[in-house]
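Remarks on the structure that follows.
Scope of the values below: all heavy atoms of this structure, side chains included, with no hydrogens, waters or symmetry mates. We name chains A, B, ... by the order of the sequence lines, and we start the count at 1 in each one.
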Protein chains: 2
Amino acid sequence: MFKCLCGASIILTVRWRLPLFLKRINPQQRNLTTHPLIEHFETYLPFNEEEKKLVEARASLRKIKRRQLILQEGFACKHYAFVVNGCFRMYGVDDKGTEHNLQFAAENEWIADIGSFHSGKPSQLFIEAVEPSVILQIEKKDLYFLYLSIPKLDRIFKVIIENKYVDLQNRVLQNISSTAQQRYLSFLEQYPTLSLRLPNAQIASYLGITPEFLSKIRKDLSER
Amino acid sequence: MFKCLCGASIILTVRWRLPLFLKRINPQQRNLTTHPLIEHFETYLPFNEEEKKLVEARASLRKIKRRQLILQEGFACKHYAFVVNGCFRMYGVDDKGTEHNLQFAAENEWIADIGSFHSGKPSQLFIEAVEPSVILQIEKKDLYFLYLSIPKLDRIFKVIIENKYVDLQNRVLQNISSTAQQRYLSFLEQYPTLSLRLPNAQIASYLGITPEFLSKIRKDLSER
DNA sequence: CCGAAATCTTAAACCATATTAAGGTTATTT
DNA sequence: AAATAACCTTAATATGGTTTAAGATTTCGG
């Protein structure tokens with residue numbers, strides 16, 4: 001039940017009300033009895049009532065339109081964003097103006113430019129909603145406060161980022177050792193639902209190839 | 001002075017004696033008054049005497065020969081290794097038998113297959129000493145004990161891995177957006193000392209190119 | 001429901017990098 | 001110091017992937 005090292009079981013309480021527009025966006029997909037962030041944290045370790053209140057008070061809900069940016073190159077990354085609903089991409093732009101997708105984040109995932117967030121320096125990256133989305137965002141001072149008042153959050157975020165690190169490392173290994181076709185096939189395998197939600201051009205950008213070449217790969221694959 | 005959020009200053013005590021062979025390997029490079037791991041941790045947060053003893057009791061020093069493996073594909077990764085002296089590479093092997101370097105780790109860096117370490121599952125990776133080296137290694141049960149008895153270690157390792165994550169993310173961005181020449185130049189810039197210690201073939205493998213092509217890149221660069 | 005915008009596909013020419021094979025140089029071991 | 005192993009370079013050929021340009025299809029906003 002828990003993603004890390006704790007056997008105790010949890011009793012969920014009905015306390016938090018999801019705004020209407022959230023239900024409209026995706027009415028059936030989510031259990032509406034708990035605050036999404038608490039639900040997320042409790043997949044790692046249990047939280048008591050006081051801790052839950054601390055978290056809820058410092059996370060603010062925000063609705064994001066398709067194509068809206070929540071981080072722009074040149075600005076510091078001010079928030080950690082937890083995706084309640086929808087999907088985002090984080091990308092960099094090279095000198096020719098071409099975008100390169102570094103990461104996608106859908107429901108129950110975090111997205112932020114971690115380096116810029118902690119250093120306060122201008123980011124080199126963009127984060128854009130690829131679907132109409134809802135996030136819970138936490139400001140730096142609030143997250144730091146939460147780390148101090150709920151020490152197990154250090155543990156939880158350590159585990160979260162360890163898992164992201166492992167994924168990223170596998171991606172690097174793939175990038176330096178496989179052909180584009182192999183990378184595309186493992187993307188489909190690793191992110192089957194994402195691959196249906198995203199335009200192919202976005203997937204191509206993530207794989208480090210042109211949309212044209214992905215098109216060719218898809219043709220080759222379908223002809224077998 | 002500290003790498004994270006704490007202003008207090010530290011008083012170093014002379015308590016730990018480095019074995020002779022370590023001084024032989026690299027006599028002048030390191031301050032010999034403190035245990036290397038404590039020194040490392042205290043660049044993040046200060047440790048009291050009791051905490052230092054806990055850490056020292058659970059880290060074991062190990063001397064590794066050049067080309068010796070400290071992790072092999074098919075075995076679980078049993079230790080977190082902190083490099084006191086020397087240099088390691090972590091690599092995967094593809095179906096053709098070609099090795100692909102994922103990461104190097106020199107003095108004061110950690111190296112482990114984090115996924116395999118936590119899951120206990122067989123690793124797909126190798127970790128090999130590229131120089132005669134000395135490490136301090138911590139077993140899983142000891143590290144988990146330390147996490148429980150010294151909670152700030154959660155914080156410290158969270159920050160360590162956040163930094164590694166940011167580096168890795170930059171590498172992914174480079175891989176999907178730059179030519180091999182650009183990647184080689186930024187490798188030289190980012191790791192100037194490593195680039196002198198490593199054989200070019202190892203650097204090529206890290207960059208995801210063949211040694212022959214790196215050779216051509218170096219020729220092109222020298223002809224300008 | 002329409003028009004505009006975004007997305008997907010095809011194909012030819014071109015470029016970056018791999019492969020193969022060979023010879024030359026530098027370290028390590030004995 | 002010699003022998004061996006590891007490492008580096010060169011060059012010809014082959015391949016994976018890009019570029020460009022154009023047309024076809026789908027999606028979205030009004």
Side-chain angles (χ1 to χ4, degrees), chain A residues 25 64-68 86-87 89 91 94-101 104 128-133 174-188 194-223, chain B residues 25 65-68 86-87 89 91 93-101 104 128-133 174-188 194-223:
Chain A
I25 285 170
I64 313 287
K65 286 187 208 142
R66 188 175 133 88
R67 268 163 223 279
Q68 185 178 341
C87 186
R89 69 186 179 109
Y91 62 95
D94 65 25
D95 13 277
K96 287 178 205 151
T98 311
E99 300 175 358
H100 301 277
N101 286 339
F104 299 115
E128 185 199 70
V130 295
E131 297 173 359
S133 303
Q174 283 242 332
N175 276 338
I176 64 180
S177 68
S178 311
T179 69
Q181 191 184 70
Q182 291 171 309
R183 277 181 277 145
Y184 178 58
L185 288 172
S186 24
F187 180 83
L188 295 183
L194 260 192
S195 69
L196 299 173
R197 290 164 73 174
L198 293 167
N200 285 326
Q202 297 300 339
I203 296 175
S205 166
Y206 178 91
L207 297 174
I209 59 178
T210 57
E212 292 84 356
F213 191 54
L214 177 56
S215 203
K216 179 172 185 297
I217 288 172
R218 288 161 54 81
K219 191 186 172 195
D220 293 351
L221 287 172
S222 70
E223 280 172 359
Chain B
I25 287 170
K65 287 187 205 138
R66 190 175 132 88
R67 266 165 225 280
Q68 185 180 340
C87 185
R89 70 186 179 108
Y91 63 94
V93 179
D94 66 24
D95 12 274
K96 288 179 202 150
T98 311
E99 298 174 0
H100 301 277
N101 287 338
F104 299 115
E128 185 198 70
V130 295
E131 296 173 0
S133 302
Q174 283 242 333
N175 276 338
I176 64 181
S177 68
S178 312
T179 70
Q181 191 184 72
Q182 291 172 308
R183 278 181 277 145
Y184 177 58
L185 288 172
S186 24
F187 180 84
L188 294 183
L194 259 192
S195 70
L196 299 173
R197 289 163 73 174
L198 294 168
N200 285 326
Q202 297 300 341
I203 296 175
S205 165
Y206 178 91
L207 297 174
I209 59 177
T210 56
E212 292 84 356
F213 190 56
L214 178 55
S215 204
K216 179 172 185 297
I217 289 173
R218 288 161 54 81
K219 191 186 173 195
D220 293 351
L221 286 173
S222 70
E223 279 172 1

> D:dC8 phosphate, OP1 or OP2: any side-chain N/O from B:R218 under 4.0 angstrom?
Replying inline: no
> Roughly how many Å is it from CZ in B:F213 to P in D:dA12, rounded to a whole number?
Replying inline: 16 Å
>> What is the distance, to the nearest angstrom, from the CD atom on B:E131 to the C1' atom on C:dT28?
In response: 15 Å
> Quick one: CG on A:L221 to NZ on A:K216, what's the gap to the nearest 0.5 Å?
Replying inline: 10.0 Å
> Taking the side chain as C-beta and beyond, is there a heavy-atom pair between B:C87 and B:L198 under 4.5 Å?
Replying inline: yes
> C:dT9 P sits how many Å from A:I217 CD1, rounded?
Replying inline: 12 Å
> Once you round to the nearest 0.5 Å, how far does CZ of A:R218 lie from CG of A:L188?
Replying inline: 8.0 Å
> Counting N and O atoms only, with roles assigned by atom type, does the side chain of A:E223 sit under 3.5 Å from a partner on the main chain of A:D220, one being a donor and the other an acceptor?
Replying inline: no
> With the sugar-phosphate defined as primed atoms, P, OP1 and OP2, and the base as all remaining atoms, what B/S/- string results for nucleotides 21-30 of chain D, 5' to 3', for protein heavy atoms under 4.0 Å?
Replying inline: B---------
> Tell me: NE2 of A:H100 to P of D:dT18, nearest whole Å?
Replying inline: 10 Å
> In whole angstroms, how far is the P atom of D:dT15 from the CG atom of A:D220?
Replying inline: 15 Å
> Just checking B:K96: base, sugar-phosphate only, or nothing, at a heavy-atom cut-off of under 4.0 Å?
Replying inline: sugar-phosphate
>> Given D:dT10, C:dA16, D:dG17, identify the nucleotide with an atom nearest to the side chain of A:A180.
In response: D:dG17
>> Is the phosphate of D:dG17 approached by A:T210 (side-chain N or O, under 4.0 Å from OP1 or OP2)?
In response: no
> Step by step, would you call B:R89 with B:Y206 a side chain to side chain donor-acceptor pair (under 3.5 Å)?
Replying inline: CA-CA 9 Å; B:R89 70 186 179 108; B:Y206 178 91; over 6 Å; no
> Looking at D:dA6, C:dC8, C:dT17, which one has an atom nearest to any side-chain atom of B:R67?
Replying inline: D:dA6
> Starting at CG of B:N175 and ending at P of D:dG17, how long is that distance when rounded to a whole Å?
Replying inline: 14 Å
> Want to settle it: does A:R183 or B:L198 sit nearer the 5' end of DNA chain D, counting the closest nucleotide to each?
Replying inline: B:L198
> Using the ring of each side chain (for Trp, its six-membered ring), is B:F104 parallel, tilted or perpendicular to B:F187, with breaks at 30° and 60°?
Replying inline: perpendicular
> Hey, what bend do you get for the helix from C:dC1-D:dG30 to C:dA22-D:dT9 if you fit axes on five pairs at each end, rounded to 10°?
Replying inline: 60°
> Roughly how many Å is it from CG in B:L221 to P in D:dT9, rounded to a whole number?
Replying inline: 12 Å
>> Checking the side chain of B:S205 only, and the main-chain atoms of B:N101 only, is there a donor and an acceptor separated by less than 3.5 Å?
In response: yes
> Does the side chain of A:Y184 reach to within under 4.5 Å of the side chain of A:I209, using non-hydrogen atoms?
Replying inline: no
>> From CD1 of A:I176 over to P of C:dA18, roughly how many Å is that when rounded to an integer?
In response: 12 Å
> Is a side-chain donor or acceptor of B:Q182 paired with a backbone partner of B:T179 at a separation under 3.5 angstrom?
Replying inline: yes
> Within the structure, does a side-chain N or O atom of B:K219 lie under 4.0 Å from either OP1 or OP2 of D:dC8?
Replying inline: no
>> Assuming nearest nucleotide by heavy-atom distance, tell me which of A:L214 and B:L214 is located more 5' along DNA chain D.
In response: B:L214
>> Among A:R197, A:R66, A:R67, exactly one meets salt bridge (Lys or Arg N to Asp or Glu O under 4.0 Å) together with A:E131. Which residue is that?
In response: A:R197
